**Student:** 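I have a structure I would like to understand better, so I am pasting it below and will then ask my questions one at a time.
Nothing here was measured: the structure is a model prediction, and the numbers come from that model.
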Amino acid sequence: MKPINQYIDHTLLKSTASINDIGKHCEEARHHRFFSVCVNGCNVSLAKELLLHSSVKVCSVVGFPFGSTSTSAKVEETKHALKNGADEIDMVINLGFLKSKKYDEVVNDIKSVKNCMPDKALKVIIETCYLDKEEITMATQLAIKGGADFVKTSTGLGTGGATLDDVKLIKSVCSEDVKIKASGGIRDYETALEYLNLGVDRLGTSSGVAILKSVAVHSSY
């Protein structure tokens with residue numbers, strides 16, 4: 001297993017995040033060598049500038065947090081983020097289409113975004129807190145069909161975040177080349193480790209610094 005900091009997408013998606021907040025967030029990511037920062041699209045260029053000459057990647061969200069914007073809007077949002085330096089995209093699926101069993105539309109939504117970024121990682125957020133087991137299975141299958149590199153559990157802004165049972169279900173559907181990102185409610189080392197032991201490849205959390213302080217109590221990272 002890699003050092004735990006290398007699994008963390010250090011996340012700041014509050015609508016009230018100021019330029020100073022983004023600056024502090026990026027400095028934390030640089031200092032702790034997190035895998036990436038995850039920010040809203042308007043902050044991508046700033047984050048990219050602040051993290052220049054570091055190993056920390058910049059991730060942008062698309063269709064966040066509801067997933068209900070049009071496919072063309074998601075495509076343009078993705079193009080804008082990539083132009084400004086985003087290395088990865090976390091997009092929210094259209095949950096209304098999923099609930100309506102408009103599966104072709106869900107796949108097209110994902111595929112249209114992936115087509116903009118064939119050589120960069122696309123994480124597809126299925127927002128598990130709103131889905132039953134059958135819908136989680138279907139959403140995972142559709143994400144894979146659309147070209148997702150990762151299936152991500154949650155926005156962190158829904159009624160709940162990642163759960164171990166949901167991750168186990170997603171993992172049972174995913175092929176080996178599709179990874180999993182657990183997000184929402186991961187605030188300490190013990191919880192993070194539970195997900196990593198299940199085979200999760202990325203952790204989305206705003207508590208990365210606290211997790212590493214907790215790690216230091218157990219061992220060095």
Side-chain angles (χ1 to χ4, degrees), residues 2 4-15 17 25 28-29 32 34-41 43-44 47 56-67 74 81 86-95 98 110 113 120-131 135-137 139-140 142-144 146 148-171 173-174 178-212 214-215:
K2 296 178 293 186
I4 196 168
N5 56 310
Q6 279 297 295
Y7 291 92
I8 292 175
D9 286 347
H10 192 40
T11 303
L12 180 56
L13 296 170
K14 293 180 179 178
S15 60
H25 193 73
E28 289 173 345
H32 293 291
F34 292 128
F35 187 89
S36 80
V37 295
C38 187
V39 297
N40 287 303
N43 293 315
V44 168
V56 182
K57 296 184 181 297
V58 176
C59 173
S60 180
V61 289
V62 163
F64 193 86
F66 302 118
K74 288 179 180 177
D87 300 294
E88 300 184 340
I89 296 292
D90 287 19
M91 72 165 286
V92 187
I93 67 166
N94 192 310
L95 290 163
L98 177 69
I110 299 165
V113 170
K120 295 182 183 293
L122 173 63
K123 306 187 209 90
V124 175
I125 306 169
I126 63 174
E127 198 70 300
T128 51
C129 62
Y130 297 125
L131 308 180
E135 289 169 330
I136 291 172
T137 297
T140 302
L142 296 176
I144 294 169
D149 299 288
F150 286 76
V151 176
K152 179 179 172 182
T153 60
S154 321
T155 62
L157 297 178
T159 57
T163 71
L164 296 173
D165 285 343
D166 288 345
V167 168
K168 289 175 185 176
L169 179 55
I170 293 168
K171 187 173 178 60
V173 180
C174 283
V178 178
K179 301 175 182 179
I180 300 172
K181 177 176 174 178
S183 181
I186 303 170
R187 300 185 180 94
D188 56 61
Y189 171 66
E190 291 79 6
T191 303
L193 190 60
E194 284 186 292
Y195 285 108
L196 294 179
N197 285 337
L198 283 180
V200 163
D201 289 278
R202 204 76 64 80
L203 302 169
T205 179
S206 59
S207 302
V209 175
I211 289 171
L212 294 191
S214 180
V215 172

**Student:** Residues two or more places apart in sequence or in another chain: which of them pass side-chain contact (heavy atoms from CB on, under 4.5 Å) with K179?
**Tutor:**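 Only F150, D201 meet the side-chain contact (heavy atoms from CB on, under 4.5 Å) criterion with K179.
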**Student:** Could you grab the distance from atom CG of N197 to atom CG of L164, nearest 0.5 Å is fine?
**Tutor:**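 Atom-to-atom, N197:CG and L164:CG are 10.0 Å apart.
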**Student:** Would you say I211 and T191 make side-chain contact, with heavy atoms under 4.5 Å?
**Tutor:**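 They are not in side-chain contact.
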**Student:** Using 0.5 Å steps for rounding, measure from the CG atom of L98 to the CD1 atom of I126.
**Tutor:**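 Reported to 0.5 Å precision, the distance equals 8.5 Å.
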**Student:** Would you check if N5 and F34 make a side-chain contact, meaning some heavy-atom pair closer than 4.5 Å?
**Tutor:**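 Touching, per the 4.5 Å side-chain cut-off.
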**Student:** Check whether any side-chain heavy atom of C59 sits under 4.5 Å from a side-chain heavy atom of K123, and report yes or no.
**Tutor:**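 When only atoms from C-beta onward are counted, K123 and C59 do touch, with a gap below 4.5 Å.
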**Student:** Taking all atoms of both residues into account, what is the closest heavy-atom pair of V200 and A182, and its distance?
**Tutor:**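 Result for this residue pair: CG1-N, 3.8 Å.
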**Student:** Report the distance from atom OH of Y195 to atom NZ of K168, rounding to the nearest 0.5 Å.
**Tutor:**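 If we round to the nearest 0.5 Å, Y195:OH and K168:NZ are 10.0 Å apart.
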**Student:** Between S183 (side chain only) and T155 (backbone N and O only), is there a donor and an acceptor less than 3.5 Å apart?
**Tutor:**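 Side chain of S183 to backbone of T155: no pair is present.
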**Student:** For K120 and D149, which heavy atoms make the closest approach, and how far apart are they?
**Tutor:**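 Here K120 and D149 meet closest at O-OD2, 3.4 Å.
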**Student:** Quick check for you: to the nearest 0.5 Å, what is the distance between L212 atom CG and I4 atom CD1?
**Tutor:**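 Separation between the atoms: 7.0 Å.
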**Student:** Quick one: closest heavy-atom pair of Y189 and S214, and the distance?
**Tutor:**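 Where Y189 meets S214 most closely, the heavy atoms are CB-OG, 3.2 Å.
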**Student:** Kindly indicate whether the side chain of I89, heavy atoms from C-beta on, has any atom under 4.5 Å from the side chain of L122.
**Tutor:**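 Answer yes - side chains close enough.
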**Student:** Is any side-chain heavy atom of L12 less than 4.5 Å from a side-chain heavy atom of N43?
**Tutor:**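 No, every pair of side-chain atoms sits at 4.5 Å or beyond.
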**Student:** Enter the distance from I125:CD1 to I93:CD1 here, rounded to the nearest 0.5 Å.
**Tutor:**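 Here the rounded value is 10.0 Å.
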**Student:** Indicate the atoms forming the closest heavy-atom contact of V44 with A86, along with that distance.
**Tutor:**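 Looks like CG1-N, 3.6 Å.
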**Student:** Does any part of the side chain of T140, heavy atoms only, come nearer than 4.5 Å to the side chain of C174, both counted from C-beta?
**Tutor:**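 Of all side-chain heavy-atom pairs linking T140 with C174, at least one is under 4.5 Å.
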**Student:** Going by the rule side-chain contact (heavy atoms from CB on, under 4.5 Å), which residues pair with C129 if we only count those two or more places apart in sequence or in a different chain?
**Tutor:**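 E127, T159.
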**Student:** Distance from L95 atom CG to E135 atom CD, nearest 0.5 Å?
**Tutor:**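 The CD atom of E135 is 9.0 Å from CG of L95, to the nearest 0.5 Å.
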**Student:** Filter on salt bridge (charged side-chain N to carboxylate O under 4.0 Å, His left out), then keep only pairs touching residues 155-166, sequence neighbours left out; what's left?
**Tutor:**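 Sorted result for residues 155-166: empty, none.
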**Student:** By ring pair (Phe, Tyr, Trp, His ring centres under 6.0 Å), which residues pair with H25, not counting sequence neighbours?
**Tutor:**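 With neighbours one apart ignored, the set is H10.
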**Student:** Checking E88 against R202 for the salt bridge (charged side-chain N to carboxylate O under 4.0 Å, His left out) test, could you report, in this order, the C-alpha distance in whole Å, the side-chain angles of both residues, the deciding distance, and whether it holds?
**Tutor:** CA-CA 12 Å; E88 300 184 340; R202 204 76 64 80; 2.9 Å; yes
**Student:** I'd like to check L196 versus L203 (side-chain heavy atoms, cut-off strictly below 4.5 Å). Are they in contact?
**Tutor:**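 Yes, their side chains come closer than 4.5 Å.
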**Student:** Are F64 and D90 packed together at the side-chain level, in the sense that at least one heavy-atom pair is separated by less than 4.5 angstrom?
**Tutor:**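 No, side chains not in contact.
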**Student:** Which heavy atom of I186 sits nearest a heavy atom of G204, and at what distance?
**Tutor:**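 Scanning both residues completely, I find the closest heavy atoms to be CD1-O, 4.4 Å.
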**Student:** If every non-hydrogen atom of G63 is compared with every non-hydrogen atom of K74, which pair is closest and at what distance?
**Tutor:**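 G63 and K74 have their closest heavy atoms at CA-CE, 4.2 Å.
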**Student:** Under the side chain to side chain contact (heavy atoms under 4.5 Å, CB included) criterion, do T128 and I170 qualify, and how do the steps go?
**Tutor:** CA-CA 10 Å; T128 51; I170 293 168; 4.2 Å; yes
**Student:** Output all residues satisfying side-chain contact (heavy atoms from CB on, under 4.5 Å) with T11, sequence neighbours left out; order by chain, then residue number.
**Tutor:**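 With neighbours one apart ignored, the set is D9, L13, C38.
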**Student:** Report the residues that fulfil side-chain contact (heavy atoms from CB on, under 4.5 Å) with V56, sequence neighbours left out, ordered by chain and then residue number.
**Tutor:**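 With neighbours one apart ignored, the set is A29, V37, L51, S54.
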